[in-house]
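Read the structure below first, then the notes.
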Amino acid sequence: MKTVSILGSTGSVGRSTVDLLQHHKEEYRVNVLTAMSNAGLLAEQADALNARKVVIGDVSLFNELSSLLAHTDIEVDAGRAAIIRSAAEPADWIMAAIVGMAGLEPILAAIGQGTCVAIANKEPLVAAGPMVIEAARKSGATLLPVDSEHNAVFQVFEKDNVSAIERIVLTASGGPFRTWSKEQMDAATPEQAVAHPNWSMGAKISVDSATMMNKALEVIEASYLFDMPPEKIDVLVHPQSVIHSMVEYADGSFLAQLGAPDMRTPITNALGWPKRIATSGQKLDLATLKRLDFEALDTKKFPAVDMARACLKAGPASCIVFNAANEIAVQAFLDREIGFSAIIEVVQALLDKTTQPDVSGLAEIIAFDQSVRDDTTDYINHRLSSGRGRVGS
Ligand code: NAD
Ligand code: MG
């Protein structure tokens with residue numbers, strides 16, 4: 001029986017992973033489940049999956065979680081350090097589904113044990129990709145991409161034919177504002193931005209999909225995961241989200257992975273790997289779907305992907321700025337402090353100020369990431385005090 005842990009089990013990807021494990025109860029033993037704040041759901045999941053241990057990030061919720069699990073022998077711990085420690089507790093397969101840069105140290109702890117690490121949590125790959133890849137090489141850990149595009153590429157990437165790969169094509173739904181004008185986007189509300197047409201996801205990634213920042217982060221993620229230069233990674237808008245990505249080879253062949261827009265497919269692929277196991281998710285019916293559409297990305301309306309390519313060329317510090325400024329700007333938008341269009345403007349303003357400090361070690365990465373967050377908050381406060389808050393530009 002394989003043992004599995006889920007970091008961020010109460011989130012969108014975490015819940016899909018729990019659903020899948022309930023479908024395969026006989027084959028997996030659940031070791032650790034972690035979450036930031038939803039003690040009720042965490043306790044429910046741990047009970048249902050008979051987990052060995054739960055860890056809650058918010059220490060003030062320790063007592064609530066303990067009393068919810070008092071009738072079980074499930075171990076309870078709390079705090080950020082406990083989450084990082086729990087990621088290092090032996091498991092055959094660990095799902096990294098925390099949101100944001102907060103997942104970096106847990107991912108490194110999981111990788112340190114040289115096991116299979118399924119990575120949904122893209123921000124640490126964007127901000128610290130070279131370090132994460134090197135850590136996996138050193139420990140012998142296998143990184144299994146869970147982001148649907150990267151999982152698709154992983155499935156059709158011929159390792160023995162890398163020199164014949166012309167390009168990776170990441171597909172993008174285009175998000176909820178694909179057909180909106182710039183003026184409509186300027187006035188977009190958080191509710192409109194999180195209403196994704198195809199995927200049901202956490203708030204942060206939903207806003208990222210609306211700005212196309214999600215695709216931009218994915219270009220950087222793909223570059224590190226598949227060791228490809230930015231000019232070999234293209235983005236193609238495909239509103240139905242059925243082709244999850246493709247690899248084009250020199251012989252003219254495109255290899256693609258198709259599936260319903262349901263995260264349980266890439267999660268199942270990663271859980272079963274290298275075997276193929278049954279999903280608990282939706283199946284694709286192409287006859288009902290009838291057609292697949294494609295269009296070029298409007299880079300004027302959605303400049304984020306070009307910004308990501310520039311960051312990859314500029315160096316790893318720019319990728320840290322790109323991610324950290326975005327995390328702060330997205331939260332400010334969700335808190336109604338800035339308008340939707342201001343998200344990209346804030347990120348660009350912070351990129352414009354970037355030097356390229358040394359970010360080769362973990363301490364340097366964490367310190368620089370924090371300094372960018374502080375600068376972004378100052379920049380947004382300055383914007384607000386000059387009266388440019390809610391308005392897009
Ligand atoms: P979410 O917000 O729904 O869930 C995040 C999880 O992380 C929750 O369990 C939360 O309690 C926990 N968490 C939040 N902040 C934390 C912190 N500071 N420390 C420890 N734990 C913390 O997010 P999600 O939509 O499930 O996305 C998770 C990650 O997967 C993100 O990086 C996202 O970009 C990526 N991803 C998500 C999807 C999707 O369909 N949702 C698809 C592809 C990739
Ligand atoms: Mg994706």
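In each ligand, atom 1 is the first atom listed, and ligand 1 is the first ligand listed. These figures come from a predicted structure and were not determined experimentally.
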*Write out the protein residues near ligand 1, meaning a non-hydrogen atom under 4.0 Å from one of its atoms, in order of chain and number.*
G8, S9, T10, G11, S12, V13, A35, M36, I83, A97, I98, V99, A102, A120, N121, K122, E123, D147, M201, G202, I205, M263
*With sequence neighbours left out, what residues match H150 under ring pair (Phe, Tyr, Trp, His ring centres under 6.0 Å)?*
none
_E337 and R383 ion-paired at < 4.0 Å_ =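 Between R383 and E337 there is no salt bridge, as every charged N stays at least 4.0 Å from the carboxylate O atoms.
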*State plainly whether the residues R264 and D19 are in salt-bridge range, i.e. N to O under 4.0 Å.*
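Between D19 and R264 there is a salt bridge, with a charged N closer than 4.0 Å to a carboxylate O.
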*Return the set of protein N, O or S atoms whose distance to the Mg ion (ligand 2) is under 2.8 Å, each given as residue and atom.*
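Atoms qualifying: D147 OD1, E149 OE1, E218 OE2.
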*Apply the test salt bridge (charged side-chain N to carboxylate O under 4.0 Å, His left out) to residues K122 and E327: give CA-CA distance (whole Å), side-chain angles for both, the deciding distance (0.1 Å), then the verdict.*
CA-CA 12 Å; K122 67 190 79 183; E327 283 194 38; over 6 Å; no
Using a 3.5 Å cut-off and no angle test, enumerate the donor-acceptor pairs between side-chain atoms of residues 108-120 and protein atoms at least two apart in sequence or in another chain.
{"from": "Q113", "atom 1": "OE1", "to": "A91", "atom 2": "N", "distance (Å)": "3.1"}
{"from": "Q113", "atom 1": "NE2", "to": "A87", "atom 2": "O", "distance (Å)": "3.0"}
{"from": "Q113", "atom 1": "NE2", "to": "A88", "atom 2": "O", "distance (Å)": "3.4"}
{"from": "Q113", "atom 1": "NE2", "to": "E89", "atom 2": "O", "distance (Å)": "2.9"}
{"from": "T115", "atom 1": "OG1", "to": "A91", "atom 2": "O", "distance (Å)": "2.7"}
{"from": "T115", "atom 1": "OG1", "to": "D92", "atom 2": "O", "distance (Å)": "2.8"}

Indicate yes or no: at least one non-hydrogen side-chain atom of [X] is less than 4.5 angstrom from one of [Y].
{"X": "L68", "Y": "D47", "result": "no"}
{"X": "R373", "Y": "Q331", "result": "no"}
{"X": "F226", "Y": "I233", "result": "no"}

*D251 side-chain N/O to S253 backbone N/O, donor-acceptor pair under 3.5 Å*: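 Present.
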